[in-house]
Amino acid sequence: MEKAVLPRHIGIIMDGNGRWAKKRLLPRTAGHIEGAKAFRKCLRHCVDLGIECVTFYAFSTENWKRPKDEVNAIMKLFSEYLDEGLDMYEENIVMRFIGDRTPLSDSLKAKMEKLERETDGNNGTTCCLAVNYGGRDDILHAVKTLAAQGGDISDITEDSISSNLYTSGLPDVDLLIRPSGEQRISNFLIWQAAYAEYVFMDVLWPDFSEKDLDSAIAVFAGRNRRFGGL
Ligand code: IPE
Ligand code: IPE
Ligand code: MG
């Protein structure tokens, strides 16, 4: 694929794990385990394609509403995956976590920080994992940060808000993919995806393959982006 038609930043809502498990009469947790494998595969493919940045929605600020058992299982899965960090290091990935870490366990927070530190000097694909992330929370957090600086109101600009979001320094989202058949954004990168191209797909996340990513990118490449112009 030509570089010119590749999105710089891809956002992916990893949805459909529960339904994948239900179809197989398995516990929802089995869907999350399989979903984590799909994440790994998809990230590798982004690296192979030379994608600059990919953000995966792993846990929303609303997902705490789920049964405690399921939330705990998801947190455990994060923890196990972060232990495998070395692999990402080898692939020259820059690892970043976005979202409010406050309610996460100390051990998970420590693992996140370690991985960010260890991959900081890399210059390959940036992999952002959105954990306890909400688009509204992201904007609120940025505005509070700016307000706390006590500057002039006229100093608050679109750029100053952008650079205080969790995604600070990353390009806006070009392509936003949501598998699982749902057609909504569910509080994902609402500011950053203002002019993203949306691709909704019927595949459930654990079944999401390299081919699915290729086909979403092909759809993106065929779109005519105007950004309000002609
Ligand atoms: C996405 O899959 C994973 C998280 C939100 C943590 P779901 O668990 O939402 O799967 P469905 O939508 O119930 O199938
Ligand atoms: C969005 O999926 C959040 C993640 C994939 C992490 P949800 O399953 O939580 O979204 P809704 O509830 O269907 O909107
Ligand atoms: Mg869901």
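Whatever order the structure lists ligands and atoms in, that order sets their numbers, starting from 1.
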S.K.: Which residue and non-hydrogen atom of the protein lie closest to atom 6 (C) of ligand 1, and at what distance in Å?
M.R.: Ala58 O, 3.3 Å
S.K.: With heavy-atom distances below 4.0 Å as the criterion, list the atoms of ligand 2 near Arg66.
M.R.: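 Selected atoms, number and element: 7 (P), 8 (O), 9 (O).
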S.K.: Could you verify whether a donor N or O on one side chain and an acceptor N or O on the other, from Trp191 and Ser162, lie under 3.5 Å apart?
M.R.: yes
S.K.: Pairs of nitrogen or oxygen atoms closer than 3.5 Å, one from Ser60 and one from ligand 2: do any exist?
M.R.: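 Checking ligand 2 against Ser60, no N or O pair falls under 3.5 Å apart.
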S.K.: Does any N, O or S atom of Asp15, backbone or side chain, fall under 2.8 Å from the Mg ion (ligand 3)?
M.R.: yes
S.K.: Any heavy atom of Ser180 sitting closer than 4.0 Å to ligand 1?
M.R.: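 False for this residue.
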S.K.: Quick one: do Arg101 and Glu116 make a salt bridge, cutoff under 4.0 Å?
M.R.: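 Salt bridge flag = yes for Glu116 with Arg101.
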S.K.: Answer yes or no: is there an ion pair linking Arg225 with Asp174, defined by an N-O contact shorter than 4.0 Å?
M.R.: yes
S.K.: Among all protein heavy atoms, pick out the one at the shortest distance from atom 10 (O) of ligand 1; state its residue, atom name and that distance to 0.1 Å.
M.R.: Gly18 N, 2.9 Å
S.K.: Say whether Asp15, considering both its backbone and side-chain N or O atoms, lies within less than 3.5 Å of an N or O atom on ligand 2.
M.R.: yes
S.K.: Taking the six-membered ring of Trp64 as reference, does the cationic atom of Arg66 (NZ for Lys, CZ for Arg) lie under 6.0 Å from its centre and within 45° of its axis?
M.R.: no
S.K.: Using a strict 4.0 Å cut-off to heavy atoms of Phe59, name the atoms of ligand 2 that fall inside it.
M.R.: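 Checking each atom against Phe59, I get 6 (C).
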S.K.: Describe, in one word, how the ring planes of Tyr133 and Tyr57 are oriented to each other, choosing from parallel (under 30°), tilted (30 to 60°) and perpendicular (over 60°).
M.R.: perpendicular
S.K.: Hey, is Lys65 one of the residues with a heavy atom under 4.0 angstrom from ligand 2?
M.R.: no
S.K.: Please report which non-hydrogen protein atom sits nearest to atom 13 (O) of ligand 1, along with the residue it belongs to and the distance in Å to one decimal place.
M.R.: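 Of every protein heavy atom, Arg28 NH2, 3.0 Å lies nearest to atom 13 (O) of ligand 1.
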S.K.: Closest non-hydrogen protein atom to atom 14 (O) of ligand 2, residue and atom name please, with distance?
M.R.: Ser186 OG, 2.6 Å
S.K.: Is a donor from one side chain sitting under 3.5 angstrom from an acceptor on the other, for His32 and Asn17?
M.R.: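 Side chains of His32 and Asn17: pair found under 3.5 Å.
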S.K.: Can you find a non-hydrogen atom of Arg19 under 4.0 Å from ligand 2?
M.R.: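 No, Arg19 has no heavy atom closer than 4.0 Å to ligand 2.
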S.K.: Closer than 4.0 angstrom: is that true for some heavy atom of Lys22 and an atom of ligand 1?
M.R.: no
S.K.: Give me the atom names and distance for the closest heavy-atom approach of Val47 to Thr125.
M.R.: CA-OG1, 3.6 Å
S.K.: I need the atoms of ligand 2 closer than 4.0 Å to a non-hydrogen atom of Arg184, numbered in the order shown.
M.R.: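 In order of number, 11 (P), 13 (O), 14 (O).
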S.K.: When you measure from atom 2 (O) of ligand 1 to each heavy atom in Ile74, Leu204, Asn63, Asn17, which option holds the nearest one?
M.R.: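 The nearest heavy atom belongs to Asn17.
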S.K.: Parallel under 30°, tilted from 30 to 60°, perpendicular over 60°: which one fits the rings of Phe56 and Phe39?
M.R.: perpendicular
S.K.: Could you tell me whether Arg44 and Glu91 make a salt bridge, using a distance below 4.0 angstrom between a side-chain N and a carboxylate O?
M.R.: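 Looking at Arg44 and Glu91, the cut-off is met.
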S.K.: So which heavy atom in the protein is nearest atom 1 (C) of ligand 1, and how far is it from that ligand atom?
M.R.: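 For atom 1 (C) of ligand 1, the nearest protein heavy atom is Met14 O, 3.0 Å.
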S.K.: Backbone, side chain, both or neither: what part of Phe188 comes under 4.0 angstrom of ligand 2, heavy atoms only?
M.R.: neither
S.K.: Step by step, work out the side chain to side chain donor-acceptor pair (under 3.5 Å) result for Ser79 and Lys111.
M.R.: CA-CA 8 Å; Ser79 198; Lys111 285 180 193 181; 2.8 Å; yes
S.K.: Taking Leu170 as the starting point, is it possible to reach Phe188 by hopping between hydrophobic residues whose side chains are less than 4.5 Å apart?
M.R.: no
